[in-house]
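Remarks on the structure that follows.
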Amino acid sequence: MSDWQVIDGSITAPRGYRAAGITAGLKASGLPDLALIVSDSEAIAAGVFTTSVVRAAPVDYCRQILQTKPSARAILCNSGQANAATGSQGMADAEECAKVLGESLNIPEDSILLASTGVIGQRIKMDILKGAIPQLIASLSETGGDTAARAIMTTDTVPKSIALETTIDGRPVRIGGIAKGAGMIHPNMATMLSFVTCDAAVSPSLWQEMLSRAADKTFNQITVDGDTSTNDSLIALANGQSRTPAITEMSPEAEKLEAMLTAVCQHLAKAMARDGEGATCLVEVVVSGAVDDQAARQVARTIAGSSLVKSAIFGRDPNWGRIAAAAGRAGVHFDQKDLQISLGNFLLMENGQPLPFDRAAANEYLKKAASGTFLQDDTVLISVSIGNGNGSGKAWGCDLSYDYVKINAEYTT
């Protein structure tokens, strides 16, 4: 049993947050494209960003802000244009976005963090964005999390959000989150944006450590297609509005809060992997018996990211040899005599030896997952053991379908 429960409200479930999402006209599709999250008070802020050396302007902007001032009041996100590979003008546009929004909210511009998503190489349509700021602010609501989740979507087919509640020192503490991402998803962040809100009081250094560890276990353990992006941003705010005692060092309360933060990130990460472009099911890879957790996560990532494994799952083919091959090339040493592989409840290999199994039933298992309900009964489980160590890890991906090529072949046309 978890120490928390799922609640309604998304990123506005924690106390002291409002959000909005509107259609400003940044997207040619006419879909929502501008989101805003605001904390009623200055909140401790932490971030994890893309490892790419080709970074979007809002990524560099946020990194600079957080290096000098680990707090914020607002997050502004546009979809439609990535503001990546846009040169010095891209940074100027980012700074102007913060300036205009800060003046409109009557808060310092360095209390605003930014994110963008869309086509790389395209500047934000600044006149449209600036003209939409009054409407965006007027739309802020304590129930606006769902509209914000929709406004940050690009090729996503569903919005991604969650909120959890626990009790610390006798008072309720909540964490909410939204995310977007469906393609260009791979470990070391992905083409993803995720925003997390919390009403606990946490020291800046500890909040950053918690977020980094949560990202390593969740967002850095998903893969759709092997490509990473220029815009990846995970930003988390903690505004202390729960009125619980400040958490400044690791303790039982800190461990509970970090576990809930990780659960929020894991749900959003799994939702991204399941919503992979053209995907029909979620793939969860669980690896045990490794020398440590890092090694186990590396093997799990390699299996989840294998194009051959993903293609076999799309073809509903229980071709476990591809799983074995991926595990063997993961860069983690183990004795193949210790290798054990299961697909769902089907044990396919044990002690390095292939086992007879009901191939038709395994095929039916894969078909059933492909027709399952989103994040309920649509998961293909691959379990792998590589020894007797204490290390374990998980990774999430999806199958690779014909539609993935179609979506990406026509992305800008």
Side-chain angles (χ1 to χ4, degrees), residues 11-12 17-40 42-43 45 47 49 55-66 69 71-141 144-154 159 178 180 193-195 197 230-233 235 237 412:
I11 51 170
T12 53
Y17 292 96
R18 294 170 294 151
I22 66 169
T23 300
L26 298 170
K27 289 179 180 175
S29 64
L31 294 172
D33 50 23
L34 191 60
L36 177 62
I37 304 164
V38 175
S39 172
D40 291 343
E42 192 78 4
F49 302 95
R55 297 179 300 273
V59 169
D60 283 343
Y61 175 87
C62 287
R63 290 171 66 181
Q64 292 171 14
I65 292 292
L66 293 177
K69 180 179 177 287
S71 66
R73 284 282 309 276
I75 302 170
L76 175 68
C77 178
N78 74 280
S79 59
Q81 299 87 44
N83 196 14
T86 48
S88 58
Q89 186 60 53
M91 179 57 79
D93 289 344
E95 292 171 348
E96 187 175 1
C97 286
K99 181 177 183 294
V100 171
L101 181 60
E103 291 173 349
S104 299
L105 288 172
N106 195 29
I107 62 175
E109 59 187 86
D110 63 357
S111 287
I112 295 168
L113 299 175
L114 305 172
S116 298
T117 183
V119 179
I120 294 171
Q122 291 189 3
R123 288 178 54 196
I124 300 170
K125 298 176 181 178
M126 292 297 293
D127 289 343
I128 293 176
L129 186 148
K130 290 189 293 183
I133 292 296
Q135 178 191 352
L136 184 63
I137 294 173
S139 301
L140 285 169
S141 165
D146 289 341
T147 62
R150 292 185 178 278
I152 66 175
M153 292 167 55
T154 49
I178 62 173
K180 64 80 55 181
L193 300 177
S194 184
F195 309 122
T197 57
T230 55
N231 289 60
D232 312 333
S233 300
I235 299 171
L237 305 180
T412 63

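Proximity of Tyr61 to Leu66: side-chain heavy atoms (C-beta onward) are nowhere separated by under 4.5 Å. Annotation: side chain of Glu96 is in contact with side chain of Lys130 (closest heavy-atom distance under 4.5 Å). Residues Ile178 and Ser194 fail the side-chain proximity criterion, which asks for heavy atoms closer than 4.5 Å. Side chains of Leu237 and Ile75 form a contact here, defined as non-hydrogen atoms less than 4.5 Å apart. Ser79 places none of its side-chain heavy atoms less than 4.5 Å from the side chain of Met153.
Donor-acceptor pairing under 3.5 Å is recorded for the side chains of Ser71 and Lys69. In this model, no donor atom of one side chain and acceptor atom of the other lie less than 3.5 Å apart for Gln64 and Asp60. Side chains of Lys180 and Thr117: a donor-acceptor N/O pair is present below 3.5 angstrom, by distance only. Side-chain atoms of Asn78 and Ser116 form a donor-acceptor pair, as typed in the model, at a separation below 3.5 Å.
Shown here are the side chain to side chain contact (heavy atoms under 4.5 Å, CB included) partners of Ser88, two or more places apart in sequence or in another chain: there are none. In this view, Thr86 and Asn83 satisfy the side-chain hydrogen bond (donor to acceptor under 3.5 Å, both in side chains) rule, not counting sequence neighbours.
In this structure, the separation between CD on Glu109 and CD on Glu95 is 8.0 Å, given to the nearest 0.5 Å. To the nearest 0.5 Å, atoms CG (Asn106) and CZ (Arg73) are separated by 9.0 Å.
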